[in-house]
Amino acid sequence: MHVIENATLPDSLGRFGPYGGRYVPEILVAPLEQIEQVYFEARQDPAFQAELEELNRQYAGRPTPLYHCKRLSEHLGGAQIYLKREDLLHTGAHKINHCLGQALLVKRMGKKRIIAETGAGQHGVASATVAALFGFECTVYMGEEDMRRQELNVFRMRLLGARVEAVKTGSRTLKDAVTQAMREWTANFETTHYLLGSALGPHPFPVMVRDFQSVIGTEARAQFGEREGGLPDVLFACVGGGSNSLGLFHPFLDAESVRMVGVEAGGRGDALGEHAARFSGEGGAPGVLHGTRSYVLQDEAGQIALTHSVSAGLDYASVGPEHAYLRDQGRVEYTACQDADALAAVRTLARYEGIIPALESAHAVAEAIRRAPSAPGQRFLVNLSGRGDKDIGIFRENMPDLD
Ligand SMILES: *Cc1c(COP(=O)(O)O)cnc(C)c1O
């Protein structure tokens with residue numbers, strides 16, 4: 001059984017060192033305290049843990065396999081590459097992990113409605129899915145521009161019974177959808193839970209989402225030990241808001257020999273506006289966005305910068321506060337992978353293993369592929385956070401030689 005961890009951080013104020021916290025309008029303090037109280041009670045409650053485990057097994061499809069990429073490893077001629085197959089979960093990505101956990105809390109709080117934000121639509125689909133499963137009403141906020149780019153996911157959410165509301169402010173993308181969802185929650189928190197989609201936002205969301213996602217690393221560590229013996233040498237995961245990466249990394253943090261690499265979206269290049277690399281690109285500095293203090297891409301005046309990535313799930317100006325802390329501690333190394341390299345990794349994994357990854361996950365795959373030839377004898381574990389079905393249209397646009 002995956003027992004949700006009781007780690008020492010964040011502190012009682014939700015801080016990871018100087019990051020995290022709760023930077024919200026006064027009116028949201030009480031509802032956040034309610035979630036905090038209900039969550040910390042649930043975390044200690046074996047009945048809650050058992051119900052979540054049952055859903056993970058029977059509904060989401062856990063445990064996910066740990067897969068050894070023999071052909072790819074042989075082709076690269078260095079490190080052995082393993083994948084944690086979160087792409088095989090129901091709805092196609094790791095997001096179902098924190099949606100199921102939060103849905104159980106909504107039930108515990110006696111609420112009947114959820115709202116969520118979404119960029120590419122993946123978190124919206126996972127939210128609409130658990131809303132259908134639990135009989136909640138569901139509204140998803142999505143930038144108008146993203147709705148246009150992700151028509152199929154908009155339809156999928158509607159098919160699942162959710163209302164999708166177009167956000168027409170700002171750049172009409174994810175950042176604006178989060179802002180709108182928070183505004184909406186402020187008006188309706190008595191009946192409504194904000195089902196936040198990553199390890200982001202005000203306390204307790206970062207710790208709660210990380211805990212629900214840490215089932216990934218708990219499983220992977222046990223599977224690796226049983227099947228291969230010992231521990232992997234290096235972990236790789238892509239970092240958007242930071243939930244799938246923390247989910248893999250967290251249960252390994254106490255294993256000093258295990259190195260960890262978080263891969264951000266390098267987009268088209270280093271200039272501000274061309275990437276979403278909060279740690280490794282130009283313009284990332286500590287700041288507050290959407291209720292938490294972390295690294296934020298900003299201009300010299302502190303205005304939130306525009307971002308670009310070919311993968312919508314990594315295209316966000318801030319990053320979960322625990323990552324900022326792990327970066328400052330030097331425990332996790334952060335790097336960026338550009339659009340073109342992620343697309344190349346999609347092709348490589350498809351050709352050598354018959355697995356088409358999500359564009360987000362392909363960033364982590366690309367970094368493992370880049371390092372493998374010079375790491376013979378090492379074992380790399382990559383979190384395959386999602387499958388590529390949702391990205392087929394983007395692959396087609398970018399791979400004209402196959403069309
Ligand atoms: C949303 C998404 C991500 C990015 O979110 P994190 O919170 O950083 O994990 C990564 N991979 C996939 C497949 C996604 O859908």
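Each ligand, and each atom within it, is numbered from 1 in the order the structure gives. Scope of the values below: all heavy atoms of this structure, side chains included, with no hydrogens, waters or symmetry mates. Worth saying up front: this structure is predicted, and the values here are computed from it rather than measured.
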(request) Would you check if the distance from the ring center of Tyr82 to the ring center of Tyr67 is below 6.0 Å? (result)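 So the answer is no for these two rings.
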(request) For residues His323 and Tyr295, establish whether the separation of their ring centroids is below 6.0 Å. (result)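 Judged by ring-centre distance (under 6.0 Å), His323 and Tyr295 do not meet the cut-off.
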Using distance alone, decide if ligand 1 has a nitrogen or oxygen within less than 3.5 Å of any nitrogen or oxygen in [X].
X: Ser245; answer: no
X: Lys390; answer: no
X: Ser361; answer: no
X: Ala93; answer: no

So between [options], whose heavy atom ends up nearest [atom]?
atom: atom 6 (P) of ligand 1; options: Ser311, Ala358, Ser243, Gly320; result: Ser243
atom: atom 7 (O) of ligand 1; options: Ala199, Ala362, Ala237, Ser198; result: Ser198
atom: atom 15 (O) of ligand 1; options: His98, Lys95, Glu360; result: Lys95

Quick one: do the [X] and [Y] side chains pair a donor with an acceptor below 3.5 Å?
X: Gln37; Y: Glu41; value: yes
X: Asp339; Y: His308; value: yes
X: Asp176; Y: Ser171; value: yes
X: Asn244; Y: Glu360; value: no

(message) Can you confirm whether Gln122 sits close enough to His94 that some side-chain heavy atom of one is under 4.5 Å from a side-chain heavy atom of the other?
(response)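 Heavy-atom side-chain distance check fails, nothing below 4.5 Å.
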(message) Are Thr64 and Leu89 packed together at the side-chain level, in the sense that at least one heavy-atom pair is separated by less than 4.5 angstrom?
(response)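 With C-beta onward as the side chain, the pair touches.
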(request) Tell me, please: is Glu86 in heavy-atom contact with ligand 1, that is, under 4.0 Å? (result)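 Judged by the 4.0 Å heavy-atom criterion, Glu86 does not count as contacting ligand 1.
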(request) Could I get the full list of salt bridge (Lys or Arg N to Asp or Glu O under 4.0 Å) partners for Arg327, not counting sequence neighbours? (result)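 Partners of Arg327 under the salt bridge (Lys or Arg N to Asp or Glu O under 4.0 Å) test: none.
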(request) Can you pull out the closest protein heavy atom to atom 12 (C) of ligand 1? Residue, atom name and distance to 0.1 Å, please. (result)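 For this ligand atom, the closest protein heavy atom is Ser385 OG, 3.5 Å.
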(request) Identify, for atom 4 (C) of ligand 1, the protein heavy atom at the shortest distance, and state residue, atom and that distance. (result)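 For atom 4 (C) of ligand 1, the nearest protein heavy atom is Gly313 O, 3.3 Å.
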Which ligand 1 atoms, with their elements, are less than 4.0 angstrom from a heavy-atom of [X]?
X: Gly240; result: 8 (O)
X: Gly386; result: 13 (C)
X: Gln122; result: 15 (O)

